[in-house]
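Hydrogens, waters and symmetry mates play no part in the numbers below; they use all other heavy atoms, side chains included. Proteins get letters first, then strands, A, B, ... in listed order; numbering begins at 1 in each. Keep in mind the model is a prediction, meaning the values are calculated, not measured.
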There are 2 protein chains.
Amino acid sequence: MKWDELEEEPCSMARTIGVIGDRWTLLILRECFLRTRRFEGFQSALGITRHLLAERLKKLVRQGVLRRIPYQESPKRHEYILTQKGLDLYPIMMALVHWGDTHMVDERGRPLLHEHRKCGKTFDPVMVCSECGEPLLAKEVHVHPGPGARPAPERVLLDKKAKPKPRRKAA
Amino acid sequence: MKWDELEEEPCSMARTIGVIGDRWTLLILRECFLRTRRFEGFQSALGITRHLLAERLKKLVRQGVLRRIPYQESPKRHEYILTQKGLDLYPIMMALVHWGDTHMVDERGRPLLHEHRKCGKTFDPVMVCSECGEPLLAKEVHVHPGPGARPAPERVLLDKKAKPKPRRKAA
DNA sequence: ATTTGACAGTTCATTTTTAGAACTGTAAGG
DNA sequence: CCTTACAGTTCTAAAAATGAACTGTCAAAT
């Protein structure tokens with residue numbers, strides 16, 4: 001499967017993965033949320049090759065996750081700023097951090113703590129139901145096809161079963 | 001940067017990305033949450049090459065995200081089941097789906113709807129503060145170093161600024 | 001007036017990953 | 001026996017990432 005096919009899939013998760021589902025893109029986005037805005041900033045913070053960085057930034061701009069805004073004329077220079085679409089990735093970032101905090105820390109403890117300005121406390125992010133406010137558990141959620149589903153409802157991604165797929169040589 | 005270096009970073013997000021931060025791993029995990037358990041199931045659902053599938057499953061087992069459990073003797077066959085560590089990835093999955101639902105749907109609407117068994121309603125996942133229950137906004141969260149931080153607190157990942165890094169040839 | 005350095009990329013050769021397809025092996029079913 | 005299901009492994013070709021150097025504009029320092 002190629003990257004762009006992913007974005008065509010009738011599955012919101014596959015489409016999201018098509019946009020941000022690779023390690024460098026995710027790390028670049030982390031930097032964005034840590035207020036990095038410029039090419040050199042990303043490069044030195046991450047150690048990513050400039051080649052890839054340029055490519056990933058271009059893609060994020062194309063996807064509307066970042067906006068490229070001039071911050072000086074001559075030589076023309078730009079900053080990369082999160083759009084609303086980009087800011088909306090925040091729950092994903094927090095979910096990633098929280099899983100790492102829970103399952104990937106060493107004896108020293110968490111590398112970062114998060115403080116919620118509203119209540120002033122160090123917190124963990126919790127995923128709740130928009131309707132009843134209860135924390136979400138996988139077991140308590142049922143999935144069913146929505147208006148954008150494809151005909152066969154049980155298969156949301158590629159259905160390679162449709163292919164003849166001879167598994168031993170026919171000769 | 002190599003994959004395994006990522007897991008050593010003093011950053012929970014980097015460590016998480018080291019485990020699940022590639023497109024196929026994420027899609028495999030989606031299948032797990034959709035109750036796929038067997039090699040052929042993953043392969044035909046995703047169209048992933050068997051080679052990569054085998055490798056990714058092995059890695060997920062090694063990381064403790066999946067458990068490989070025999071479901072028949074002779075020939076010995078195994079299923080891949082989410083561990084608690086794996087189940088804890090659920091908020092990440094939901095966050096990915098929700099972003100796609102918000103920003104990547106076409107005119108037809110969402111491919112899937114989620115129903116919360118507890119309240120019986122179709123819902124969206126919302127990230128809230130564990131302390132006050134308010135929805136989290138990036139602007140309202142402040143980050144500061146925790147016990148597992150490295151000396152220089154403002155740089156959480158690789159600090160390539162330390163290198164001499166001559167940018168034009170010295171000759 | 002020339003050199004140096006910051007910044008934001010681009011180019012290119014090498015290495016690593018991934019894709020695609022076929023092959024192995026066990027066992028059941030017709 | 002022959003075919004099929006299942007769970008991999010092996011191999012080659014194609015695609016992507018790495019590493020390092022190169023381009024170009026301009027400001028400040030020498």
Side-chain angles (χ1 to χ4, degrees), chain A residues 1-6 17-18 21-28 31 36-61 66 68-81 158 160-161 163-171, chain B residues 1-6 17-18 21-28 31 36-61 66 68-81 158 160-161 163-171:
Chain A
M1 200 192 323
K2 288 131 230 162
W3 268 118
D4 20 333
E5 288 180 46
L6 219 38
I17 292 169
D22 78 285
R23 87 190 93 176
W24 285 124
T25 299
L26 255 2
L27 290 170
I28 288 167
E31 287 305 308
T36 299
R37 300 157 131 76
R38 300 184 185 175
F39 193 93
E40 293 292 319
F42 290 110
Q43 204 283 319
S44 66
L46 297 173
I48 183 175
T49 64
R50 335 189 107 242
H51 179 62
L52 260 204
L53 175 57
E55 192 173 84
R56 292 291 193 269
L57 288 173
K58 235 175 242 166
K59 185 178 175 187
L60 287 169
V61 169
L66 298 180
R68 190 159 168 273
I69 296 175
Y71 70 89
Q72 68 170 40
E73 294 294 319
S74 75
K76 250 194 172 175
R77 297 250 182 276
H78 302 83
E79 301 190 303
Y80 296 90
I81 309 285
L158 296 171
K160 288 292 160 66
K161 276 181 288 203
K163 274 194 184 173
K165 197 176 59 168
R167 300 187 7 90
R168 283 164 188 274
K169 67 184 165 202
Chain B
M1 200 194 319
K2 288 132 230 161
W3 268 120
D4 21 333
E5 288 180 47
L6 219 38
I17 292 169
D22 78 286
R23 87 191 92 176
W24 284 125
T25 300
L26 255 2
L27 289 169
I28 288 167
E31 287 305 307
T36 299
R37 299 157 132 76
R38 300 185 185 175
F39 193 92
E40 292 293 319
F42 290 110
Q43 203 283 318
S44 66
L46 297 173
I48 184 176
T49 65
R50 336 190 108 240
H51 180 61
L52 261 203
L53 176 57
E55 193 172 83
R56 292 293 192 268
L57 288 173
K58 235 175 243 165
K59 185 178 176 187
L60 287 169
V61 169
L66 298 179
R68 190 159 169 273
I69 296 176
Y71 70 88
Q72 69 170 40
E73 295 293 320
S74 75
K76 249 194 171 174
R77 298 247 183 279
H78 303 82
E79 301 190 303
Y80 296 89
I81 309 286
L158 296 171
K160 289 292 160 68
K161 275 180 289 203
K163 274 192 184 173
K165 197 177 59 168
R167 300 187 7 87
R168 283 164 190 274
K169 67 184 163 203

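In terms of position along DNA chain C, the nucleotide closest to A/Glu55 lies nearer the 5' end than the nucleotide closest to the other residue of the pair B/Leu52 and A/Glu55. Each of B/Tyr71 and A/His51 was matched to the nucleotide of DNA chain D holding its nearest heavy atom; the match closer to the 5' end belongs to B/Tyr71. Comparing B/His78 and A/Asp22 along DNA chain D, the residue whose closest nucleotide (by nearest heavy atom) sits nearer the 5' end is B/His78.
Closest contact between the side chain of B/Trp24 and the listed nucleotides D/dA7, C/dA19, D/dA21 involves C/dA19. Side-chain proximity of A/Ser74 to the nucleotides C/dG9, D/dC26, D/dC6 is greatest for D/dC26.
The shortest heavy-atom contact between A/Glu79 and A/Tyr71 is CG-CD2, 3.1 Å.
Taking CZ of B/Phe42 as the start and CG of B/Leu57 as the end, the distance is 6.0 Å to the nearest 0.5 Å. Taking CG from B/Leu52 and CH2 from B/Trp24, the interatomic distance works out to 8.0 Å, rounded to the nearest 0.5 Å.
Among the protein residues, A/Thr49 comes within range of the nucleic acid bases, having at least one heavy atom under 4.0 Å from a base atom. Across all strands shown, B/Arg68 has heavy atoms under 4.0 Å from sugar-phosphate atoms exclusively, and none from any base. Counting any heavy atom pair closer than 4.0 Å across all strands shown, A/Phe42 reaches no nucleic acid atom.
As rounded to whole Å, 14 Å separates atom P of C/dT10 from atom CD of A/Gln43. For the pair A/Ile48 CD1 and D/dT18 C1', the computed distance is 11 Å after rounding to whole Å. To the nearest angstrom, C1' of C/dT17 lies 16 Å from CG of B/Leu53.
When the side-chain nitrogen and oxygen atoms of B/Arg56 are compared with OP1 and OP2 of C/dT18, one or more of them lie within a distance under 4.0 Å. Side-chain N/O atoms of A/Lys58 include none lying less than 4.0 angstrom from OP1 or OP2 on C/dA8. At the phosphate of C/dG9, OP1 or OP2 sits under 4.0 Å from a side-chain N or O atom of A/Tyr80.
A salt bridge is defined here as a Lys NZ or Arg NE, NH1 or NH2 lying under 4.0 Å from an Asp or Glu carboxylate O, and A/Glu31 with A/Arg38 fails to meet this definition. No salt bridge links A/Glu40 with A/Arg77; every basic N to acidic carboxylate O contact stays at or beyond 4.0 Å.
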